[in-house]
Amino acid sequence: MGHTIFDKIWDKHVVKIIEDGPSVVYIDKHLIHEVTSPQAFTGIEKRGARLFRPQQIVATADHNVPTLHQELPIKDALSKFQVDTLIANCKKHGVELYGLGHPNQGIVHVIGPELGITQPGMTIVCGDSHTSTHGAFGSIAFGIGTSEVEMVFAAQCVMQSKPKLMRINIDGELKKGVVSKDIILYIIAQISASGATGYFVEYAGSAIRALSMEARMTICNMSIEMGARGGMIAPDQTTFDYIQGRLFAPKGADWDKKLAAWKELYTDADAKFDLEINIKAEDIDPMITYGTNPGMGLSVQGKLPTIESFTDATEKQNYEKALKYMGLTAGQTLLGMPVQHVFIGSCTNSRIEDFRLVASIIKGKQKHPSIQTLIVPGSQEVAKQIKLEGLDKIFEAAGVEIRQAGCSACLGMNEDKIPAGEYCISTSNRNFEGRQGAGARTLLASPLTAAAALLTGKITDIREILN
Amino acid sequence: MQSLQKITSRFIPLRIENVDTDQIIPARFLKATTKDGFGKNLFRDWRYENDDETKPKADFVLNQKQYAGEILVAAKNFGCGSSREHAAWSLQDYGFKVVVSSFFADIFKNNALNNGVLPVTVTDAFLQEIFALGAEATLSIDLAAQSITIDATGSTQKFEINAYKKTCLLNGYDDIDYLLSMKEEIEAYEKVNQQ
């Protein structure tokens, strides 16, 4: 029987299989940030151990940083202390840090690929659930807790059981106005927020092959939102073209050697998955979420489920809880509903392609007067590219400010929050209660759908603008 | 890590599905650089009105005096979302030793086990049996036997845990000590596999 791409990479990284237990899995790259690393550094110091392979770790500050005036000292004392702790820890333990002000700084899952750190065939971990993003390059990448961060510090390994494997095939052509964010929101709405728990997902099919690397990253990024350990896409020419020439990409003879190895990373035709799901690209509309988990999503033209459609008492109770939090009514449509905020950013949709998409919609137009915006590039490099391409002028002319790189209103750790009771169309990944600030009401959507709301002040089918 | 063998306790029923780690510990409390003191902010926004400790929400189970115990029982898909281990630290600091659900998110499950908090997966039907019990009822968990029992009815179920993790938890061992002891094997692996 053939092997999946997951098997090929996993098997190569298993140092030891513990009987009736997990495997000891070697980690090629470890990405760290200020929020989930301090206790791991303390832990390793308490044990009197040293970092085993500090040169395989890259650090950045992203979760807990302001997106205005990064050149000034951080005002919030706790945030400043946390970022300063990262600086001190990296210096002490010899870890490369791309901190605030560094040209390589940005959201950890944006800079890894952008700098060519993320490469096919690697195992990559980070103390952040959206580490699955890096799977877009044909790597095994997954989020870990702080105890596991400490394990990687100690031994460059984690202890994990081999997950079950799922393949999701998306074939056909996407309709106009439908982008990769809609694909993943559609998948999660189909299989629920826990539908892939225990699985690692491979995305395949002609619709996936046709996507750019940025678009593939958006899909792999949200794998965790259906419970999957991670998501991945077999590397192809699109992948190789993206990597070649980047700062840490292999060069010269090393490139040729690596490229030859990367070309072997595909799922054999006779490989078997524990579960396989087939989706027609044509069935996908622009999507939006209405509830308090990413599985509660529908076509922007759709109606919310009725209460009667839930037979299970707990499920019904949970749906009613979500409706109350969101201030919505069962059976209603979202189209035309006013929103107050638009957030474009996060490790899901803050790459240059996302800004190009938004710019293509708002070019020559004005932001709706009732809309407040948080427009946050994923990295210093994205911010630089926005200027280079003159996109900043388009945003400026539309009356929209572009901020500095960071996670921002995706998780509301810094001051970028949505006020209680107000609605935000967000290109981020989570619509949990309070995620964007206590009482904030998040509607997840694509950058195109967010751009449409930016102009109209309400939930809009992007196809009305495109036509 | 604290060892855990047997526990008999009353429980707190949290009849909510898809409890994500943002609810368990909201992001604004992640600015800490130590593992201590997260318990007081456990389920913060479900516990208090407008973030005000003097205004507990009467409809939330942690504020209902009839419920107590070292066991949290939650509806399916507990611990989904963010990988923040702060969620496990908060539950532990609050005093929970066991979380029972019909389904756990993967990263949370690992984080809990790495902090001596035992996730016990039961069937949906068994979960409903627990939710139907009164506030005085107790549950008994025996890790060595891998069993959970409703003491009043004698209804019992086996739960899964891999042998390695079970040994760790029974004895209070942790993975990092294990990995540190493997240093030579890991170096040998690197020589063969890493250029």
Side-chain angles (χ1 to χ4, degrees), chain A residues 12-13 15-16 18-22 24 26 28 35-36 38-39 42-43 47 49 52 63-64 76 78-79 81-82 85 127-129 143-148 150-151 154-157 159-161 163 193-194 197-198 224 227 229 293 314-315 317-318 321 411-413 430 432-435 438, chain B residues 15-18 20-23 26-28 30-35 44-46 50-51 75-77 80-89 103-108 110-111 114-115 128 131 162-167 174-180 182-183 185-186 188-190 193-195:
Chain A
K12 195 171 184 288
H13 286 83
V15 178
K16 181 180 178 174
I18 300 170
E19 204 178 331
D20 291 326
V24 177
Y26 192 82
D28 295 316
V35 178
T36 58
Q39 295 87 351
T42 309
R47 286 169 203 270
F52 185 59
H63 279 65
N64 191 10
D76 181 292
L78 284 175
S79 301
F81 184 72
Q82 197 173 49
T85 301
D128 186 281
S129 60
I144 56 176
T146 297
S147 293
E148 292 169 301
E150 192 179 333
M151 289 177 211
Q156 204 57 33
C157 289
M159 299 176 72
Q160 292 259 340
S161 301
S194 59
T197 303
I224 183 73
R229 195 84 66 82
N293 74 58
T314 309
E315 278 179 19
Q317 200 181 322
N318 280 290
K321 183 176 188 289
L411 82 164
M413 257 196 96
R430 286 184 176 140
F432 297 152
E433 286 184 31
R435 174 80 179 180
Chain B
R15 209 174 177 146
I16 301 175
E17 293 177 349
N18 301 312
D20 60 78
T21 54
D22 272 86
Q23 307 316 315
R28 62 184 184 279
L30 308 189
K31 296 181 181 183
T33 51
T34 70
K35 296 182 183 181
R44 180 82 187 191
D45 293 333
W46 283 351
N50 300 322
D51 206 8
K76 73 177 178 204
N77 199 25
C80 61
S82 158
S83 62
R84 61 189 68 164
E85 196 161 314
H86 312 66
W89 301 335
F103 202 89
F104 288 96
D106 278 335
I107 302 177
F108 173 79
N110 263 346
N111 287 343
N114 285 333
N115 287 280
Q128 294 316 318
F131 280 139
N162 72 53
Y164 166 82
K165 272 293 172 195
K166 181 173 162 180
T167 308
D174 87 24
D175 287 349
I176 299 164
D177 290 330
Y178 183 91
L179 288 172
L180 284 169
M182 273 189 62
K183 209 172 161 186
E185 279 172 84
I186 296 166
Y189 166 89
E190 285 179 323
N193 291 282
Q194 306 287 313
Q195 304 80 2

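First the proteins, then the strands, lettered A, B, ... as listed; each starts at 1. Reckoned from all heavy atoms, side chains included, excluding hydrogens, waters and symmetry mates.
Contact count against chain A (heavy-atom pairs under 4.5 Å) is highest for B/Ile176 among B/Asp174, B/Asp22, B/Ile176. The residue among B/Ala105, B/Cys80, B/Gly81, B/Pro26 with the most heavy atom pairs within less than 4.5 Å of chain A is B/Gly81. Chosen from B/Arg15, B/Arg84, B/Lys31, the residue pairing most often with chain A at heavy-atom distances under 4.5 Å is B/Lys31. Counting heavy-atom pairs under 4.5 Å between each of A/Met151, A/Gln39, A/Gln82 and chain B puts A/Gln39 at the top. Ranking A/Gln160, A/Arg47, A/Lys16, A/Glu19 against chain B, the residue ahead of the rest is A/Arg47, based on heavy-atom pairs under 4.5 Å. Contact count versus chain B (heavy atoms, under 4.5 Å) is highest, among A/Cys157, A/Ala438, A/Gly434, A/Pro163, for A/Cys157. For the set A/Met159, A/Arg229, A/Glu148, the count of heavy-atom pairs under 4.5 angstrom toward chain B peaks at A/Met159. When the candidates A/Ser161, A/Pro22, A/Gly412, A/Gly43 are compared by the number of heavy-atom contacts under 4.5 Å with chain B, A/Pro22 comes out ahead. Considering only heavy-atom pairs separated by less than 4.5 Å from chain B, the leading option among A/Thr197, A/Thr42, A/Asp76 is A/Thr197. Looking only at heavy-atom pairs under 4.5 Å with chain A, the residue among B/Leu180, B/Asn111, B/Asn77 that has the most is B/Asn77.
In this structure, the side chains of B/Asn162 and A/Asp20 stay at 4.5 Å or more apart for every pair of heavy atoms. Residues A/Gln156 and B/Tyr189 are not in side-chain contact: their nearest non-hydrogen atoms beyond the backbone lie 4.5 Å or more apart. Under the 4.5 Å side-chain criterion, counting only non-hydrogen atoms from C-beta, B/Leu179 is not in contact with A/Phe52.
Not a single ring pair (Phe, Tyr, Trp, His ring centres under 6.0 Å) links A/Phe432 to another residue, sequence neighbours left out. Residues satisfying the side chain to side chain contact (heavy atoms under 4.5 Å, CB included) test with A/Thr85, not counting sequence neighbours, are A/Pro38, A/Phe81, A/Asn89, B/Thr33.
Using a 4.5 Å cut-off between heavy atoms, B/Phe131 does not touch chain A at all. Interface remark: A/Ala154 contributes backbone and side-chain atoms alike to the contact with chain B (heavy atom separation under 4.5 Å). Interface residue B/Lys35: backbone and side-chain heavy atoms are both found under 4.5 Å from chain A. Looking at B/Lys76, only its side chain comes within 4.5 Å of chain A, counting heavy atoms on both sides. Using a 4.5 Å cut-off between heavy atoms, B/Asp106 contacts chain A through both its backbone and its side chain. B/Asn114 touches chain A through backbone and side chain together, each having a heavy atom under 4.5 Å away. Contact annotation for B/Gln23: only side-chain heavy atoms (C-beta onward) come within less than 4.5 Å of a heavy atom of chain A. Neither the backbone nor the side chain of B/Asp51 comes within contact range of chain A; no heavy atom of the residue lies under 4.5 Å from a heavy atom of that chain. Contacts between A/Leu411 and chain B at a heavy-atom distance below 4.5 Å involve backbone atoms as well as side-chain atoms. In this structure, chain A has no heavy atom under 4.5 Å from any part of B/Asn50. Of the atoms belonging to A/Glu315, heavy atoms from both backbone and side chain fall under 4.5 Å from chain B. Both the backbone and the side chain of A/Val35 come within contact range of chain B, each with at least one heavy atom under 4.5 Å from a heavy atom of that chain. Heavy atoms closer than 4.5 Å to chain B are found in the side chain of A/Gln317, but not in its backbone. Of the atoms belonging to B/Asn110, it is side-chain heavy atoms, and not backbone ones, that fall under 4.5 Å from chain A. Interface remark: B/Ile107 contributes side-chain atoms only to the contact with chain A (heavy atom separation under 4.5 Å). Heavy atoms closer than 4.5 Å to chain A are found in the backbone of B/Thr34, but not in its side chain. At a 4.5 Å heavy-atom cutoff, the contact between A/Ile224 and chain B is made by side-chain atoms alone. Of the atoms belonging to A/His13, heavy atoms from both backbone and side chain fall under 4.5 Å from chain B.
Taking OG1 of A/Thr36 as the reference point, atom CG of A/Asp128 lies at 7.0 Å (rounded to 0.5 Å). Within the model, atoms OH of A/Tyr26 and CD1 of B/Ile186 stand 8.5 Å from one another, a figure rounded to the nearest 0.5 Å. Between atom NE2 of residue A/His63 and atom CE of residue A/Met413 there is a gap of 8.0 Å, rounded to the nearest 0.5 Å. To the nearest 0.5 angstrom, B/Asp175 atom CG is 11.5 Å from B/Met182 atom CE.
Under a 3.5 Å cut-off, the side chain of B/Ser82 and the backbone N or O of B/Thr21 do not form any donor-acceptor pair. No donor-acceptor distance shorter than 3.5 angstrom exists from the side chain of B/Asn115 to the backbone of B/Ala88, with no hydrogens or angles considered.
Counting only N and O atoms by type, the side chains of A/Ser147 and B/Glu85 include a donor and acceptor under 3.5 Å apart.
The aromatic rings of B/Tyr164 and B/Tyr178 lie perpendicular to each other, with more than 60° between the two planes, well past the 30° mark.
Taking a cutoff of 4.0 Å between a charged side-chain nitrogen and a carboxylate oxygen, B/Asp45 and B/Arg28 qualify as a salt bridge.
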Any chance you could lay out the side chain to side chain contact (heavy atoms under 4.5 Å, CB included) test for B/Phe103 and B/Glu17, step after step, and finish with the verdict? CA-CA 10 Å; B/Phe103 202 89; B/Glu17 293 177 349; over 6 Å; no
